[in-house]
Amino acid sequence: MDYTGFLANIAILVLSGFIGFAVISKVPNTLHTPLMSGTNAIHGIVVLGALVVLGTAENPGIPLQIISFIAIVFGTVNVIGGFVVTDRMLAMFKTRPASVDSTDGKN
């Protein structure tokens with residue numbers, strides 16, 4: 001068996017993990033929330049890729065179906081989480097309505 005392609009893919013995965021950690025660790029704390037919510041939204045590509053692979057496979061085996069299902073579930077959760085974080089972050093910058101003072105005698 002030729003494992004050259006498999007080993008190359010594993011090497012790319014490991015190196016991209018190290019590079020991603022190095023890049024994210026250099027980001028200031030004030031930019032973490034917008035950066036992470038944006039990258040989580042981009043994670044929708046994983047959902048689309050898993051759907052395409054599962055949909056174009058002529059006779060998908062059980063392992064391919066399981067891996068695709070896990071990718072779809074995790075990708076969907078990550079995308080939704082990214083949008084929830086972004087919504088909460090933007091809600092912090094909205095102005096609150098002025099509170100009504102109950103001591104002014106108006107009903």
Side-chain angles (χ1 to χ4, degrees):
M1 286 203 127
D2 183 27
Y3 292 109
T4 307
F6 178 72
L7 290 177
N9 287 337
I10 294 295
I12 290 170
L13 177 69
V14 170
L15 288 175
S16 64
F18 284 133
I19 291 171
F21 179 77
V23 168
I24 295 299
S25 65
K26 304 284 189 268
V27 173
N29 289 338
T30 56
L31 294 178
H32 268 284
T33 302
L35 176 68
M36 294 312 293
S37 61
T39 52
N40 285 341
I42 293 171
H43 199 234
I45 295 170
V46 172
V47 175
L48 181 62
L51 288 172
V52 167
V53 167
L54 194 57
T56 58
E58 201 166 299
N59 189 9
I62 297 298
L64 179 64
Q65 290 177 356
I66 291 172
I67 290 172
S68 297
F69 177 75
I70 291 171
I72 291 169
V73 169
F74 284 169
T76 304
V77 167
N78 205 359
V79 169
I80 292 170
F83 284 120
V84 168
V85 167
T86 302
D87 186 51
R88 290 185 74 187
M89 178 189 66
L90 292 175
M92 292 188 316
F93 295 104
K94 291 181 183 175
T95 57
R96 295 185 182 135
S99 61
V100 178
D101 189 8
S102 62
T103 60
D104 62 0
K106 296 180 181 177
N107 288 341

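Everything quoted here is computed from the prediction, not taken from an experiment.
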Considering non-hydrogen atoms only, spot the tightest contact between [X] and [Y] and give its length.
X: Leu51; Y: Ile72; value: CD2-CD1, 3.6 Å
X: Ala50; Y: Ser68; value: CB-O, 3.8 Å
X: Val47; Y: Gly75; value: CG2-C, 3.4 Å

Co-membership, hydrophobic cluster, residues [X] and [Y], 4.5 Å side-chain:
X: Ile66; Y: Val73; result: yes
X: Ile62; Y: Ile70; result: yes
X: Phe6; Y: Val14; result: yes

Measuring from atom CG of Leu64 to atom CZ of Phe69, what distance do you get when rounded to the nearest 0.5 angstrom? 13.5 Å
dist Ile12:CD1 -> Ile19:CD1 (nearest 0.5 Å) comes out at 10.5 Å
Measure from the side-chain N and O atoms of Ser25 to the backbone N and O of Ala22, and report whether any donor-acceptor pair falls under 3.5 Å. yes
